[in-house]
Amino acid sequence: MEVKTASFEKLATPATTTVSGAEAVIKCLLEEGVETIYGYPGGAIMPVYDELYKYQKEIHHVLTRHEQGATHAAQGYARVTGKVGVAVATSGPGATNLVTGIADAQIDSTPLVCITGQVGSHLLGSDAFQETDIVGISTPITKWNYQITKAEEIPEIIARAFYIARSGRPGPVLIDITKDAQFASLEFSYKKCSGIRSYKPEPEISMPQLEKAAEAINSAKKPFIIFGQGVILGGAEQLLKQLVEKTDIPAAWTILGLSALSTDHPLNVGMVGMHGNYAPNMLTNECDVLIAIGMRFDDRVTGNLDKYAKQAKVIHLEIDPSEIDKNVKADIPVLGNVNKTLALLLDLVKEKEHKAWHQEFKDLYDIEFDKIIKNDLNAERGKIGMAEVIDEINTCSKGDAVIVSDVGQHQMVTCRYSKFNQTRSKVTSGGLGTMGFALPAAIGAKMGVPHREVVAVIGDGGYQMTIQELGTIFQTKVPVKIVILNNGFLGMVRQWQQLFFDKRYASTEMVNPDFVTIAKGYHIKANQVTERAQLADAVKEMMESKEAYFLEVKVEQEENVFPMVPTGAAVSEILLE
């Protein structure tokens with residue numbers, strides 16, 4: 001069945017008209033072009049839901065089964081579309097249930113507007129029923145938040161919320177609206193926000209810094225690019241491709257940068273970080289110029305900072321000044337939206353070749369292939385390996401699917417082995433590492449790009465954290481594909497316990513339910529694979545299904561993910577076994 005999405009028809013709004021605060025909220029969303037929102041009703045937000053009932057043709061509201069699911073679904077929608085995701089909840093526990101998704105969106109730079117109901121303004125601070133100070137709680141994890149206590153504030157504040165969420169380095173914004181402000185009347189008019197005096201979303205670009213960067217790149221013998229999600233958020237994918245092709249510089253990605261450059265591009269050398277590829281990790285500490293583009297030098301990327309790229313001149317292209325020198329000292333910081341700075345840099349760099357440098361990457365790739373990759377994909381070993389499942393999905397998708405992963409071993413395997421031809425194809429929880437992210441995020445992603453296949457790849461542990469969102473799939477008929485890689489463990493923690501805690505598997509073994517029966521209980525087609533001979537046909541059947549489909553694959557229980565950079569080690573001290 002096709003995904004149910006709203007057809008956006010902008011309402012003719014007079015210059016001013018008298019409406020309730022609750023209706024003003026809906027009108028503001030329409031003015032911002034919002035078509036789909038995710039949420040869960042309750043007492044303090046009921047006036048907004050009552051008005052939403054009248055606008056069902058204009059806005060598609062998706063009833064998730066938990067408010068956390070609403071934020072993750074909104075994240076998935078935002079990540080694949082580039083639009084602002086919207087989540088709505090009531091006060092108290094409804095609002096606090098949004099917190100994990102908001103924190104996830106903050107660290108992964110995902111534009112969200114979260115709207116919460118609140119008790120009446122005369123009850124604020126009285127510990128009224130379902131009163132929680134969500135503004136105080138969310139202050140450290142939002143780009144901006146605000147509590148509305150008067151109806152006439154609604155248009156201006158919501159306009160600001162959308163502007164702040166989507167501009168500069170994107171992020172989540174929370175608007176808390178008291179119940180009396182929702183009931184009160186105002187003369188409604190709307191003006192989109194185009195600027196705030198105290199807020200400069202994009203820093204000024206320095207041409208001298210760009211010229212220094214170009215000079216360093218042009219004179220480099222062993223230049224190396226690491227690109228992150230900033231390339232995707234800035235819409236700079238084609239500029240990145242042109243830069244690497246003009247300069248012949250090998251380029252590696254962070255997990256959130258994955259899909260900004262097609263995985264089969266000859267200059268794409270793989271993933272950096274704790275479970276990244278051998279060559280880019282090793283050669284980070286061999287390059288003479290390191291060009292970081294739209295990435296923040298996360299600890300999972302750098303390993304031991306005291307031993308990270310000390311030999312290299314570091315060029316850092318970044319929109320957020322707070323990220324400059326935060327973890328890695330930049331010799332040449334280049335502030336600005338990478339869409340603009342890359343375009344300028346492209347004109348300054350020279351065409352070059354680095355054949356000997358590329359050979360170093362190829363030689364190290366061959367080592368990784370012989371020691372790890374061929375074994376991960378080996379169809380003759382014992383039980384099914386996680387990478388084999390990803391490889392079968394690649395065969396069916398031909399690199400055109402959106403793959404949403406949760407957090408853990410399967411996440412690293414999915415990032416390492418997925419193939420992508422187009423941008424905004426990999427959605428995962430990066431900085432916060434939120435188990436339970438994938439299932440609701442896949443729902444939002446499929447609604448955002450209904451013309452693309454969306455596959456959620458999840459571990460048996462994370463899946464059970466938001467398994468109730470199968471109810472959302474059942475109700476909306478969204479045809480998302482769900483693959484559970486079931487190893488009966490909290491796999492990533494178990495791997496650490498095996499390697500560093502003498503195999504003391506403390507509280508990591510999972511006693512799981514019958515996942516297939518549960519999926520069928522939600523009227524979702526379901527299948528289970530226990531033997532390798534079943535795998536290819538089962539994945540093909542799932543991918544060809546026009547409806548939602550659940551596939552459980554019983555994989556090797558104690559499989560480990562390598563390469564691996566141990567905690568406290570340098571990236572060049574990466575382990576192959």
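A donor-acceptor pair is defined here as one N or O able to donate and one able to accept, closer than 3.5 Å; such a pair exists between the side chain of T71 and the backbone of Q68. Judged purely by atom type and a 3.5 angstrom limit, S259 uses its side chain to pair as donor or acceptor with the backbone of R424. No side-chain donor-acceptor contact under 3.5 Å links T110 to the backbone of G171. A donor-acceptor pair under 3.5 Å is absent between the side-chain atoms of E556 and the main chain of G382, judged by distance alone. In terms of modelled atom types and a separation under 3.5 Å, the side chain of Q411 and the main chain of S429 share a donor-acceptor contact. In terms of modelled atom types and a separation under 3.5 Å, the side chain of T132 and the main chain of I134 share no donor-acceptor contact. D502 places no side-chain N or O within donor-acceptor distance of the main-chain N or O of R504, the cut-off being under 3.5 Å. Side-chain N or O atoms of D406 include one that pairs as donor or acceptor with a backbone N or O of G436 at under 3.5 Å. No side-chain donor-acceptor contact under 3.5 Å links E392 to the backbone of V389. Checked by atom type and distance alone, the side chain of Y77 never pairs as donor or acceptor with a backbone atom of I443 at under 3.5 Å.
Residue R65 holds its CZ atom at 9.0 Å from CZ of F474, rounded to the nearest 0.5 Å. Expressed to the nearest 0.5 Å, how far CG of N281 lies from CD1 of I574 amounts to 4.0 Å. Rounded to the nearest 0.5 Å, atoms OG1 (T423) and CD (E237) are 3.5 Å apart. Note: L29 CG to T36 OG1 = 11.5 Å, rounded to the nearest 0.5 Å. Distance CG/L439 to CD1/I484: 7.5 Å, rounded to 0.5 Å. Atom CD of Q557 sits about 9.0 Å away from atom CZ of R494, to the nearest 0.5 Å.
Environment of CZ in F129: sparse, with no more than 12 heavy atoms of neighbouring residues, nucleotides or ligands closer than 6.0 Å. Around atom OH of Y49, more than 12 heavy atoms belonging to other residues, nucleotides or ligands sit under 6.0 Å away. Crowding of F501 atom CZ: a count of heavy atoms from other residues, nucleotides or ligands under 6.0 Å not exceeding 12.
When the ring pair (Phe, Tyr, Trp, His ring centres under 6.0 Å) test is applied to F437, the partners found at least two apart in sequence or on another chain are H72. Applying the side chain to side chain donor-acceptor pair (under 3.5 Å) criterion to T100, with sequence neighbours excluded, gives no partner residue. Listed by chain and number, the residues in a side chain to side chain donor-acceptor pair (under 3.5 Å) with D133 amount to none (sequence neighbours excluded). Among residues two or more places apart in sequence or in another chain, the side-chain contact (heavy atoms from CB on, under 4.5 Å) test is passed with S138 by I141, T142, N145, L174. Under the salt bridge (charged side-chain N to carboxylate O under 4.0 Å, His left out) criterion, E368 pairs with R416, sequence neighbours left out. Remark: H66 engages no residue in a ring pair (Phe, Tyr, Trp, His ring centres under 6.0 Å) (not counting sequence neighbours). Partners of Y278 according to the ring pair (Phe, Tyr, Trp, His ring centres under 6.0 Å) rule, which considers only residues two or more places apart in sequence or in another chain, do not exist here. In this view, H265 and E245 satisfy the side chain to side chain donor-acceptor pair (under 3.5 Å) rule, not counting sequence neighbours. Contacts of N486 classified as side chain to side chain donor-acceptor pair (under 3.5 Å), with partners at least two apart in sequence or in another chain: N512, E552. For K398, the salt bridge (charged side-chain N to carboxylate O under 4.0 Å, His left out) criterion is met by no residue, not counting sequence neighbours. Annotation: salt bridge (charged side-chain N to carboxylate O under 4.0 Å, His left out) contacts of D264 (sequence neighbours excluded): none.
Residues Q409 and N560 meet the side-chain proximity criterion, which asks for heavy atoms closer than 4.5 Å. Residues I26 and E58 are not in side-chain contact: their nearest non-hydrogen atoms beyond the backbone lie 4.5 Å or more apart. At least one side-chain heavy atom of Q118 sits less than 4.5 Å from a side-chain heavy atom of E131. At least one side-chain heavy atom of F515 sits less than 4.5 Å from a side-chain heavy atom of Q464. Taking the side chain as every heavy atom from C-beta outward, T476 and M447 approach each other to under 4.5 Å. In this structure, the side chains of T254 and Q229 stay at 4.5 Å or more apart for every pair of heavy atoms. Side-chain contact check for N327 versus D299: every heavy-atom pair is 4.5 Å or farther apart. In this structure, L490 and M435 have side chains that are in contact, with non-hydrogen atoms separated by less than 4.5 Å.
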Walk me through whether Q106 and K143 qualify under side chain to side chain contact (heavy atoms under 4.5 Å, CB included). CA-CA 7 Å; Q106 172 79 339; K143 194 174 175 185; 4.2 Å; yes
Between N421 and S262, does a side chain to side chain donor-acceptor pair (under 3.5 Å) hold up when you go through it step by step? CA-CA 5 Å; N421 299 325; S262 64; 5.9 Å; no
Side chain to side chain donor-acceptor pair (under 3.5 Å) for N527 and E541? Distances and angles first, verdict last. CA-CA 10 Å; N527 194 6; E541 179 181 313; 4.8 Å; no
Please walk me through it: do K371 and F562 pass side chain to side chain contact (heavy atoms under 4.5 Å, CB included)? CA-CA 9 Å; K371 284 189 170 287; F562 286 102; over 6 Å; no
Determine whether K419 and S397 satisfy the following criterion, side chain to side chain donor-acceptor pair (under 3.5 Å), listing intermediate values before the conclusion. CA-CA 9 Å; K419 302 296 183 185; S397 71; over 6 Å; no
What's the verdict on side chain to side chain donor-acceptor pair (under 3.5 Å) for R452 and S425, showing C-alpha distance, side-chain angles and the deciding distance? CA-CA 10 Å; R452 299 184 66 187; S425 293; 2.7 Å; yes
For F420 and L258, run side chain to side chain contact (heavy atoms under 4.5 Å, CB included): C-alpha distance rounded to whole Å, both residues' side-chain angles, the deciding distance at 0.1 Å, then the answer. CA-CA 8 Å; F420 298 113; L258 177 53; 3.7 Å; yes
Quick one, R296 with I107, criterion side chain to side chain contact (heavy atoms under 4.5 Å, CB included). Give me CA distance, side-chain angles, the key distance, then yes/no. CA-CA 10 Å; R296 58 186 182 85; I107 200 165; 3.7 Å; yes
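Counting only residues at least two apart or in different chains, salt bridge (Lys or Arg N to Asp or Glu O under 4.0 Å) contacts with residues 453-463 comprise E453-K481.
Judged by distance alone, the side chains of T508 and Q497 do bring a donor and an acceptor atom under 3.5 Å apart. Under 3.5 Å, the side chains of N487 and E559 contain no donor-acceptor pair of N or O atoms. Using modelled atom types, one finds no donor on one side chain facing an acceptor on the other under 3.5 Å when comparing T472 with T64.
A centroid separation of 6.0 Å or more is found between the aromatic rings of Y522 and F550.
Summarising the geometry of V119 relative to A44, their closest heavy-atom pair is N-CB, 4.4 Å, with the distance given to 0.1 Å.
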